[in-house]
Every structure is written in C-alpha cells, then in structure tokens.
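The block underneath contains the structure these notes are about, expressed in structure tokens.
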2 protein chains.
Amino acid sequence: MSRGTVSRVLNGARYVSPSALAAVNEAIRATGYQANSHARSLVTGRSNSVAFVLTEPQHLLFEDPTFSIMLRAAAQALAQRDIPLVLMVAGSEEERRRTTTYVAAGHVDGVLLVSTHAGSPLLRDLLSEHVPVVTSGAPLGFDAVGYVEADEIGGARAMVRHLVERGRSTIATVTGPLDTPGGLKRLEGYRLEMADRLDESLIAHGDYSRESGRRATAELLARRPDIDAIFVASDLMAAGAVTALAEHGRRVPEDVAVGGFDDTGMAAALHPPLTTVRQPLDRIAREQVRLLLEIIDGQEPAAITLPTQLVVRAST
Amino acid sequence: MSRGTVSRVLNGARYVSPSALAAVNEAIRATGYQANSHARSLVTGRSNSVAFVLTEPQHLLFEDPTFSIMLRAAAQALAQRDIPLVLMVAGSEEERRRTTTYVAAGHVDGVLLVSTHAGSPLLRDLLSEHVPVVTSGAPLGFDAVGYVEADEIGGARAMVRHLVERGRSTIATVTGPLDTPGGLKRLEGYRLEMADRLDESLIAHGDYSRESGRRATAELLARRPDIDAIFVASDLMAAGAVTALAEHGRRVPEDVAVGGFDDTGMAAALHPPLTTVRQPLDRIAREQVRLLLEIIDGQEPAAITLPTQLVVRAST
DNA sequence: CTGAAAGCGCTTACAG
DNA sequence: CTGAAAGCGCTTACAG
C-alpha cells in the first residue's frame with residue numbers, strides 16, 4: 001500500500017476503497033501511528049495551531065477571573081479538535097512586536113484576542129498582516145473583524161430595569177474603561193434605560209479593577225449622598241463598591257442596592273451575594289474558536305452576539 | 001552562497017568566515033527572513049515549544065491567582081527565548097490521555113507542571129514516555145524529577161516564629177491539601193516550630209479554596225475558642241478565615257492574629273492587610289523554564305529551592 | 001571555511 | 001481507486 005493512500009485516509013478518506021480504508025485504519029490502531037505534524041505543516045503551510053493573545057495589564061489578569069475562564073474555555077474547545085493553543089503575552093511594546101513577528105511568520109494560523117481596547121495597535125498590525133483574528137467584544141474602531149460578544153446593552157438595561165422594579169429611584173453607575181466595548185456598551189444600556197431619570201452626576205468611572213470600584217463609589221457617595229442603587233459594570237468592581245459602601249456606613253441592600261456584571265464565582269461569594277448579569281463566558285470562548293477556525297478555512301468574518309441573563313441575589 | 005552556509009549562520013555561526021557571516025546577517029536584516037520552523041523541526045526532531053499543563057480543579061484556577069501568575073511568568077520567560085508556550089488542560093481523565101498522547105507524539109519538547117498531587121497519574125505517564133518534565137513543588141512519591149519550589153518549611157517556621165514574637169500563645173493552623181507538597185511542607189514547618197506548644201486540636205484542614213479556609217476556621221473556633229492566632233497555608237484560605245472570624249465576632253488582629261502564605265495581590269487588599277509569607281512565584285516560573293530547557297538539552301534534572309520572605313502587615 | 005547532496009515525513013497533483 | 005514522483009524548507013555529515 002502506498003504512502004499516498006495512507007495519506008488520503010488520514011485526510012478525509014476520499015477516493016479510497018472500503019477495503020483499503022479498513023486496512024489502513026487497522027494498521028493505525030495496531031501501531032499507534034501518529035502523523036508527524038511538522039512534516040504535514042511543512043507541505044500544507046498550515047501550523048494547525050492558534051494563539052491566544054493576552055494584552056490586559058498584569059494586575060487585571062490576576063484580579064479578574066474573567067480572563068482565566070475564557071482562556072481555559074478556549075483551550076478546551078481547541079483541544080477537542082486537537083488544535084493546540086499557544087499563549088502569548090503582549091503587554092509591553094517589545095512583546096507586541098515579538099507577537100506580531102511570530103504570528104506573521106506563520107507559526108499559528110490565527111489569533112484569539114480578548115477585550116481589545118479602542119485602536120489597539122496589536123490588532124491593527126495583525127490585520128495589516130492579514131492574520132485571521134477573532135476578538136471577544138466588538139473591537140472599537142475596526143471594521144470587518146470577526147468578534148463574539150455578550151449582549152452588553154441588553155444586560156445593562158435588564159439590570160437597571162430590575163433596580164427600578166425594586167423601587168429604587170436614584171440609580172448610579174460605575175462604568176468600565178470607555179475605550180473597551182464592554183465599558184462603553186454597559187454605560188450605553190444604562191443611559192438608554194435611565195431615559196429621563198438620567199443625570200451625569202450619577203455616573204462615575206472605573207477601570208475594571210477592584211480598587212477603582214471602591215474609589216468611584218466613594219466619589220458617587222460624596223457627590224450624591226441620596227443614591228439608593230448602583231449598577232457596577234463588573235463583579236470585581238462591585239466587590240470594591242461594597243467595600244466603599246461599608247466604609248461609609250451604608251448597608252447593602254437596605255440603604256443601597258448593588259448590581260454587578262459578569263457572574264464570575266466571586267458574585268455568589270460576596271456578602272451579601274451579588275445580583276449580577278451573567279455573561280456566557282464559556283460559550284463566548286467556544287464561539288470565538290469556532291468562528292476563528294471558519295475564517296482560517298476561508299469564510300468571511302461574522303459578528304456574534306450572545307444573550308445575557310439577569311441573576312438576582314441578595315444585594316438588590 | 002549556499003543554503004548550508006546560511007544554515008550554519010542561523011545555528012550558531014560555527015565554521016563560517018567573518019565576511020560570509022556579515023553578508024548573511026545583512027541579507028537577513030534586509031529581507032526580514034525568518035526560518036520556517038516546521039522545516040527545521042522536521043529535520044531536527046525538536047518542536048522548539050514547551051507545554052504548560054494545568055491539572056488543578058477548575059474552581060481553584062479561577063479563585064487563586066497563583067496559577068495565572070506562574071502561567072504568565074512562564075510564558076514570558078519562554079518568549080524571551082522565542083519558545084512558544086502551549087497551554088494544555090488535563091482536568092478530566094480523557095483530557096489527561098489526550099495530553100499524554102500529544103506530548104508523547106513530540107509536539108512539544110517538554111512539560112511544565114504546576115502543583116502536582118501525590119502519585120499524579122499524568123506525571124507517571126509522562127515519565128514513562130521519557131518526556132522532560134519540571135514541576136513546581138517537589139512531586140510527592142517520585143524520584144529523579146526536576147522541580148523548583150519555594151522554601152515552604154522555612155517560610156512556615158518564620159510565620160509561626162513571628163506570631164510567637166507578637167506574644168501569641170495559642171497558635172492554630174489551617175493546612176492545604178496534604179497530598180500536595182505545599183500543603184504538606186507548610187504543616188511540617190508549623191509542627192517543627194510549634195515543638196512542645198503543638199496540639200493536634202490546633203490543626204484543621206483546607207483544600208486551598210476560600211470556602212475551605214472559612215469552614216476550617218469555624219471548626220477551629222468551635223474546638224478551641226481560646227486560640228489567639230492562626231497560620232493559614234494560603235492567602236485565599238486566609239481570606240476565608242478572616243470572614244469566619246468576623247462571623248464569630250473575633251477582631252483581627254486584636255483577638256486573633258492571622259498569617260497567610262503566598263503574598264499574591266489579595267494579601268495587601270484584605271481588611272486588615274494580611275501578614276503573609278512571600279513566595280517568589282515569578283522567579284519560580286523562570287527557574288522552572290530554565291531547568292526544563294537544560295533537561296531538554298540533555299542535562300540531568302535538579303531540585304531548586306528558593307527563599308521565602310515574611311511580609312508583616314496589619315493582621316498580626 | 002564552503003558547497004553539493006541526502007534526507008526529515010508528509011501531501012498533492014498526475015498518470016494510469 | 002491507487003501508485004510513483006515531486007516538493008515543502010530546512011539541517012547535517014561529507015568532500016573538498
């Protein structure tokens with residue numbers, strides 16, 4: 001039996017007789033044969049691997065479980081297809097250059113990018129090299145890039161609506177960074193739902209870190225001591241907000257209701273347990289992988305929006 | 001100029017005349033040439049990549065920043081040598097099999113393993129395939145495996161000594177899982193330093209999760225209401241311990257002093273800020289990478305122990 | 001020090 | 001449907 005026939009079996013078994021197919025499969029089982037991936041990549045020009053590129057500042061990565069959850073989910077979704085995930089850190093300028101060079105050299109077939117900031121130079125470089133990319137969250141300021149996002153606006157609106165239904169009248173918000181899609185869209189949802197209740201003094205800005213949630217909440221309390229609810233744009237910042245409220249002698253939820261966003265494990269562990277908006281992070285990562293592989297296979301990019309879900313706990 | 005000469009320049013420039021070397025380097029710069037890694041791997045039989053294998057239960061990975069810190073540090077140490085890090089998740093039985101097959105097939109040259117449990121079947125399989133492996137923490141029940149660890153025993157002793165110096169007389173401990181080197185050795189350090197103060201009723205067991213720290217502390221308080229200090233074997237569990245103490249109306253540090261282990265960002269963020277034992281996680285990951293690359297290059301394994309450092313804050 | 005040649009293990013048209 | 005052949009882009013003895 002020729003090498004060519006074996007290769008055909010390995011690559012989809014087209015134009016192979018049933019008897020040859022069976023014989024090859026049996027031989028593969030018996031010998032535990034595994035194709036040499038380097039030889040295959042050399043001729044196909046495909047690496048059959050994908051990079052997961054981390055661009056977030058160090059502290060956030062360790063504080064906020066969101067990133068680890070997506071990383072792990074992506075690794076698992078890829079493993080099911082026997083595609084390795086290569087982790088790259090592109091925090092500094094030099095790391096970014098190294099990452100672009102590495103990717104452009106064809107070491108990986110595509111890139112998974114998490115929470116891209118507006119005008120990200122890394123994304124710009126990657127696109128100019130025509131590297132298949134899928135981001136999580138709509139990349140601000142880029143067109144024709146594939147992405148997967150949660151329904152940020154819908155989720156934020158649902159939370160504000162819930163706070164209103166709970167009888168809260170003075171609802172503030174702590175935003176995420178406004179150069180990220182999540183930060184921007186959660187604020188947009190808040191604005192839309194607040195409508196004529198809206199007042200700019202009810203808005204304070206954070207950067208997704210716990211400490212920023214605490215600081216922004218303290219600002220709000222100083223400016224508007226009359227607030228009776230806060231929608232905080234991430235669970236981690238909400239943890240900071242709860243701390244700030246305690247420091248100012250406000251009870252949660254009696255004096256001030258607090259709602260978060262994400263529903264990572266932290267939300268249920270807070271005191272009191274946090275009402276929040278659940279993002280389907282696992283599913284986002286899985287869809288991101290699926291979409292990237294399609295694009296690598298030559299399909300056009302797409303934008304996928306997945307539903308969020310309000311999870312009511314004791315904090316509201 | 002022949003391909004052979006260029007190849008010699010790329011691989012260390014032995015037996016190359018200065019003029020040829022200069023010419024090749026200039027051509028590389030001018031054209032931005034990058035060697036095709038698949039072709040190179042095909043002939044050398046080396047993948048020039050390394051796997052980072054995650055075996056921890058999901059929840060711990062997201063709760064405890066220790067793992068992300070080591071993952072990121074390892075990725076950065078490898079990136080400096082232009083070696084990609086392949087992330088593999090080996091939580092389930094099937095994932096473990098897939099990982100072993102993948103690694104044994106030569107897709108990566110070696111494996112970085114974090115916090116191996118006693119008798120780990122993954123480590124057993126990897127060693128039986130003669131895959132170069134370096135673990136973080138001494139792997140319990142295995143010989144001749146390279147590893148890098150913090151001085152767990154010394155760190156635990158320093159903490160107990162500190163609590164004694166602070167005038168505490170009834171010092172309890174919450175341990176980590178005793179089938180991990182960290183869990184076992186931190187308890188050993190506690191035992192050694194307690195000497196004749198030791199009483200088994202002062203020991204409660206956790207599993208490194210926050211909730212287990214809370215539960216174990218509640219147990220201790222029920223059994224020994226007279227304790228005035230607790231050495232908790234990780235910062236995350238210490239956070240749970242502080243919660244339990246508050247729930248039982250004990251003030252930290254006035255009534256009960258609390259000491260942790262790790263010194264991840266969480267320690268300084270706790271209320272009150274946590275006295276803890278700093279593990280040099282960055283350095284551990286860097287040394288782990290260095291050692292693995294040496295072993296891949298044919299050197300014998302080694303065991304490296306790095307010093308820990310007591311960091312005193314307000315909780316003691 | 002340098003060039004020519006073989007070979008790493010696959011895939012893919014191309015005949016048959 | 002199947003086999004023989006070329007070729008992917010390198011590295012590495014081997015002559016010279």
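First the proteins, then the strands, lettered A, B, ... as listed; each starts at 1.
Partners of A:Asp282 under the salt bridge (Lys or Arg N to Asp or Glu O under 4.0 Å) rule, at least two apart in sequence or in another chain, do not exist in this structure. Residues passing the salt bridge (Lys or Arg N to Asp or Glu O under 4.0 Å) test with A:Asp263, sequence neighbours excluded: A:Arg278, A:Arg313. Remark: A:Ser209 pairs with A:His59, A:Glu63, A:Asp207, A:Glu211, A:Ser212 by the side-chain contact (heavy atoms from CB on, under 4.5 Å) rule, at least two apart or across chains. Qualifying salt bridge (Lys or Arg N to Asp or Glu O under 4.0 Å) partners for B:Glu95, counting only residues two or more places apart in sequence or in other chains: none. Taking the side-chain hydrogen bond (donor to acceptor under 3.5 Å, both in side chains) definition, one finds that A:Gln34 meets it with nothing, sequence neighbours left out.
One can place NE2 of A:His38 at 15 Å from C1' of D:dC8, the figure rounded to the nearest angstrom. Spacing between atom CD of B:Gln34 and atom C1' of D:dG9 amounts to 14 Å, rounded to whole angstrom units. Between the CZ atom of A:Arg40 and the C1' atom of C:dT11 there is a distance of 9 Å, given to the nearest Å. Following rounding to the nearest Å, B:Leu42 (CG) and C:dC10 (C1') show an atom-to-atom distance of 8 Å. Rounded to whole Å, the distance from CZ on B:Arg46 to P on D:dT11 is 13 Å.
Note on B:Tyr33: every side-chain N or O is 4.0 Å or more away from OP1 and OP2 of D:dG9.
Nearest to the side-chain atoms of B:Ala39 among the listed nucleotides D:dT11, C:dG9, D:dC10 stands D:dC10. Looking at the side chain of B:Thr44, the nearest of the listed nucleotides C:dT12, D:dT12, D:dC10 is D:dT12. Comparing atom distances between the B:Asn36 side chain and each of C:dG9, D:dG9, C:dT12 picks out D:dG9 as nearest. Listed nucleotides C:dC10, D:dT11, D:dC8 differ in distance to B:Val43; the shortest reach to its side chain belongs to D:dT11.
Around CD of A:Glu26, the count of heavy atoms belonging to other residues, nucleotides or ligands within 6.0 Å exceeds 12.
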Canonical and wobble pairing (Watson-Crick, G-U, under 3.5 Å) of DNA chain D, dot-bracket with |: |||.||||||||.|||
